[in-house]
Novice: 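The structure follows.
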Amino acid sequence: MRRGLPAVLTLVFVLAGCRLTGGADEAGPPAGGWPQPAGNRVTTQMCGLLTKADYAKLGHVRRPSMSSTVNDRTNTLDCSYQSVDAMSLTLRPTAEAARSYFAADLADHKQQLASGHRASVLAKDVVALADDSWFDNWTAGTAEQGAHEIRVRRGALVLSITLNGKRGKKEGDPRSVLTNLADLVLRRLPHAGAKDTGTNHKVQYEVIGLGRATSIWWEDFTGVNSGGSVENTRMPWIRTVSMATSPGTTPDEAVVHVQTTSTTTKIGCLILVDGEPVAAERPQTGGAVECRGQIPVDDSGSGAQPAAYRPAA
């Protein structure tokens, strides 16, 4: 029974000397280390988190860079390359806001695939280091056949990587390549998104009245869509969305607009943030009414201040 022991120990020592990870073999960081967020804000230097050599090790040829831009409003970095290769990084103020953003993004992805009658190979929880992740065919158009994408959330950080359909001779399957690339980014950003830097809020839109509204549209603070709308809807009507604010930043106004075909039906509206009204219009005739109010930004944590009803403009 003991004759096989040396061989077993040898195997153990060999395995102990191997570097076993869930991702591709990492290249050494550049001088100064991998670029990190600057005060919880993304920067264009963070496009360097994935190198051309990282792609080459996985058999994929990444084309030259086309652009690297930062959207200050959403704190999103977009890195694009020729042939639709791309990486996007978003830092939300809180993990809850990122979770809502991620869920809404997945719903939007499914809708795009369905509306374009495109096949789906959706797989969830594909990145071990992430809180949420999914892999699927790329949704944007049909010009780039065989393109795929991966979306990842860890805390308040949301990562997206797109891979074009031009496969290298030694390139692995798209899911394996994208999973390894996402793993590298998360390892190179060990602390990004780990702590909340803002405050969560609930924005509630209300339409007051009886009968049916011809149309209702509102601003959507999930960060995916600029707004939403419904038609031929019974009143009263309520919709609640999640959002988060960062200290020192001013969110877009909250807006809800309602319209009816009747000029004699009384309709009004109300917008509340965390239960406190920030805009209101008393029920009135005229066929249309709109509430528009600023999301309060109060770093002291005292919350929103109530708004009085006022006549429509």
Side-chain angles (χ1 to χ4, degrees), residues 37 40-42 71-77 88-112 124-125 130-134 139 151-160 192-208 216-230 233 236-258 269-280 290-307:
N40 298 313
R41 306 295 296 181
V42 295
N71 183 326
D72 291 327
R73 176 179 167 273
T74 60
N75 199 18
T76 298
L77 167 68
S88 173
L89 284 167
T90 299
L91 267 176
R92 309 296 290 180
T94 67
E96 181 180 329
R99 189 181 301 111
S100 297
Y101 174 89
F102 192 85
D105 191 45
L106 177 56
D108 184 65
H109 167 82
K110 291 179 178 178
Q111 183 180 10
Q112 287 188 52
K124 297 182 179 180
D125 300 323
D131 296 319
D132 298 297
S133 59
W134 57 263
T139 55
R151 301 291 175 99
V152 176
R153 182 189 71 84
R154 186 189 63 195
L157 174 69
V158 179
L159 164 69
S160 169
K195 294 182 179 180
D196 288 354
T197 59
T199 306
N200 293 311
H201 300 286
K202 296 291 184 182
V203 182
Q204 182 170 301
Y205 304 98
E206 296 187 18
V207 171
I208 306 163
I216 300 172
W217 64 263
W218 66 96
E219 291 298 331
D220 188 339
F221 288 98
T222 60
V224 176
N225 302 309
S226 59
S229 64
V230 292
T233 302
W237 172 91
I238 296 176
R239 177 180 173 87
T240 303
V241 300
S242 300
M243 69 169 296
T245 57
S246 298
T249 61
T250 303
D252 291 341
E253 283 187 316
V255 183
V256 62
H257 180 93
V258 56
C269 56
L270 182 65
I271 300 177
L272 301 100
V273 178
D274 300 330
E276 297 289 346
V278 297
E290 179 177 282
C291 283
R292 182 183 294 269
Q294 185 63 55
I295 304 295
V297 178
D298 188 347
D299 294 342
S300 67
S302 60
Q305 297 301 312

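Everything numeric in this text was worked out from a predicted model, so none of it was measured. Numbers for residues simply follow the sequence, beginning at 1.
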Novice: Can you name the nearest heavy-atom pair linking Val230 to Trp218, along with the distance?
Specialist: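 Taking Val230 first and Trp218 second, the nearest heavy atoms are N-CZ3, 3.8 Å.
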Novice: Testing the basics here: between Val256 and Cys269, what is the closest heavy-atom pair and its distance to 0.1 Å?
Specialist: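 Closest pair (atom of Val256, atom of Cys269, distance): CG1-CB, 4.0 Å.
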Novice: Can you confirm whether Tyr205 sits close enough to Val241 that some side-chain heavy atom of one is under 4.5 Å from a side-chain heavy atom of the other?
Specialist: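 Sidechains of Val241 and Tyr205: in contact.
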Novice: Does a side-chain heavy-atom distance below 4.5 Å link Leu106 with Lys124?
Specialist: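 In contact.
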Novice: OG1 of Thr233 to CD1 of Ile216: how many Å apart, nearest 0.5 Å?
Specialist: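 Interatomic distance, Thr233 OG1 to Ile216 CD1, rounded to 0.5 Å: 5.0 Å.
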Novice: Search all heavy atoms of Ala192 against all heavy atoms of Leu91 and return the closest pair with its distance.
Specialist: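 Ala192 and Leu91 have their closest heavy atoms at C-CD2, 4.3 Å.
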Novice: Give, for atom CG of Asn40 and atom OG of Ser246, the distance between the pair rounded to the nearest 0.5 Å.
Specialist: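 Separation between the atoms: 8.0 Å.
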Novice: CD1/Ile295 to CE/Met243 distance, rounded to the nearest 0.5 angstrom?
Specialist: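 Here the interatomic distance stands at 5.0 Å.
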Novice: Side chains of Gln294 and Val278: closer than 4.5 Å at any heavy-atom pair?
Specialist: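 Not touching, per the 4.5 Å side-chain cut-off.
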Novice: What's the shortest heavy-atom distance between Pro251 and Thr245, and which atoms?
Specialist: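 Closest approach of Pro251 to Thr245, heavy atoms only: CG-CG2, 3.5 Å.
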Novice: Take Ser88 and Thr76, measure what side chain to side chain contact (heavy atoms under 4.5 Å, CB included) needs, and give me the verdict at the end.
Specialist: CA-CA 7 Å; Ser88 173; Thr76 298; 3.6 Å; yes
Novice: Report yes if the side chains of Cys291 and Leu270 come closer than 4.5 Å at any heavy-atom pair, otherwise no.
Specialist: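 They are not in contact (no side-chain heavy atoms under 4.5 Å apart), so the answer is no.
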Novice: Any non-hydrogen side-chain atom of Pro37 less than 4.5 Å from a side-chain atom of Val42?
Specialist: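 Sidechains of Val42 and Pro37: no contact.
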Novice: State whether the number of non-hydrogen atoms from other residues, nucleotides or ligands found under 6.0 Å of Gln111 atom CD is greater than 12.
Specialist: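 Open.
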Novice: Residues two or more places apart in sequence or in another chain: which of them pass side-chain hydrogen bond (donor to acceptor under 3.5 Å, both in side chains) with Asp132?
Specialist: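 Counting only residues at least two positions away or on another chain, Asp132 forms a side-chain hydrogen bond (donor to acceptor under 3.5 Å, both in side chains) with Arg153.
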Novice: State, to 0.1 Å, how close Ile271 and Ala254 come at their nearest heavy-atom pair, and which atoms those are.
Specialist: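 That closest heavy-atom pairing would be CD1-O, 3.4 Å.
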Novice: Checking Glu96 side chain against Thr199 main chain: does a donor-acceptor pair fall under 3.5 Å?
Specialist: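 Not confirmed, Glu96 side chain does not pair with Thr199 backbone.
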Novice: Quick one, Val158 and Arg151 - any side-chain contact, counting heavy atoms below 4.5 Å?
Specialist: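 SC-SC contact between Val158 and Arg151 ruled out.
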Novice: With a 4.5 Å limit on heavy-atom distance, are the side chains of Arg41 and Asp72 in contact?
Specialist: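 The answer is yes; the side chains approach within 4.5 Å.
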Novice: How long is the straight-line distance from CZ of Arg92 back to CG of Leu157, given to the nearest 0.5 Å?
Specialist: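 The distance works out to 11.5 Å.
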Novice: Please tell me if the side chains of Thr90 and Phe102 come closer than 4.5 Å, counting only heavy atoms from C-beta onward.
Specialist: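 Thr90 vs Phe102: side chains apart.
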Novice: Quick check against the 3.5 Å criterion: does Arg292 have a side-chain atom that pairs as donor or acceptor with the backbone of His257?
Specialist: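 No, the answer is negative, given that no donor and acceptor are paired below the 3.5 Å cut-off.
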Novice: Without swapping roles, check the side chain of Asp274 against the backbone of Lys202 for a donor-acceptor pair under 3.5 Å.
Specialist: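 Judged by distance alone, yes, a pair lies under 3.5 Å.
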Novice: With sequence neighbours excluded, tell me which residues meet side-chain hydrogen bond (donor to acceptor under 3.5 Å, both in side chains) with Arg73.
Specialist: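 With sequence neighbours excluded, Arg73 shows a side-chain hydrogen bond (donor to acceptor under 3.5 Å, both in side chains) to Asp252, given in chain and number order.
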